[in-house]
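Notes to accompany the following structure.
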Amino acid sequence: MKILVSNDDGFQAPGLVALYEALKDLGEVEVVAPEHNNSAKSNALTLHSPLYVHRAANGFRYVNGTPADCVHIALTGLLGYRPDLVVSGINNGANMGDDTIYSGTVGAAMEGYLFGVPAIAFSQVEKGWAHIDDAAQVARNLVQQLIAQGLPQAQPDHAAWLLNVNIPNRPQAELKPLQVCRLGRRHAAEQVISQTNPRGDTMYWIGSAGPVKDDANGTDFHATALGHVSLTPLHVDLTEHQSLPAWTQRARSFKPLA
Ligand code: MN
């Protein structure tokens, strides 16, 4: 069993160290992770500057790039073999609902999935790493059982799956059972914050994520608020299939575009 581990908080993040420590005896486990915090980098790839890989004293490899860069170069030559599973995290904070669009943690896992490798993104619901070793044990227990049941063959044919898992910051004994959920929704992000720098220029800080809009029963927000570990299978298909007929009809009324 060959497992590639990455994250978006950077190779020194406690969540990555805890995840590696929890998984390391389940197989051949290698870490390729960003040098710096790359949260909210989604699936971004670095195309206009070179990437360098270094090895830390603990054996982790780190890259001056994004989470998706790390998994991408790992799968396309760096490792020299095809891992059976990509595991990303454990993220410092929730990746639920619309967060999954922006998340570098999900982006790293999704990069594996796009290459046909089954992948899991793990996040802790609250920032700050409280009970991170408990979360890492949850991750280990899930990965171990998925391996025992047999992973889909890692092939470049999208037969793989992509799982998004959020773990409340609680001792293991206080965690409620796993719930399989759909993603909830957030409102649009908060207002941008503008400040003046010492040279008089206006600078902007992206505001925080929006409050929850849909945390109905059956969503990740709902499950984790009750103390459950949430699991959402994700796919990558941005087509709004149900709107295809309506847009096809509407397009008939357009004057020729060319
Ligand atoms: Mn992060």
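We count ligands from 1, going down the list as the structure has it; atoms in each ligand are counted the same way.
Put simply, the residue from Asp99, Asp98, Asp215 that forms a side chain to side chain donor-acceptor pair (under 3.5 Å) with Arg186 is Asp99.
Asp8 and Ser103 share no donor-acceptor pair across their side chains, judged by distance under 3.5 Å alone.
Among the heteroatoms counted here (N, O or S) of Asp9, OD1 is the one nearest to the Mn ion (ligand 1).
The Mn ion (ligand 1) has an N, O or S atom of Asn91 under 2.8 Å away, backbone or side chain.
Ser39 contributes OG and Asp8 contributes OD1; the angle these two atoms make at the Mn ion (ligand 1) is 100°, rounded to 10°.
A 4.5 Å side-chain heavy-atom check between Thr232 and Thr100 finds every atom pair outside the cut-off.
Here Leu163 contributes atom CG and Phe122 contributes atom CZ; the two are 8.0 Å apart, rounded to the nearest 0.5 Å.
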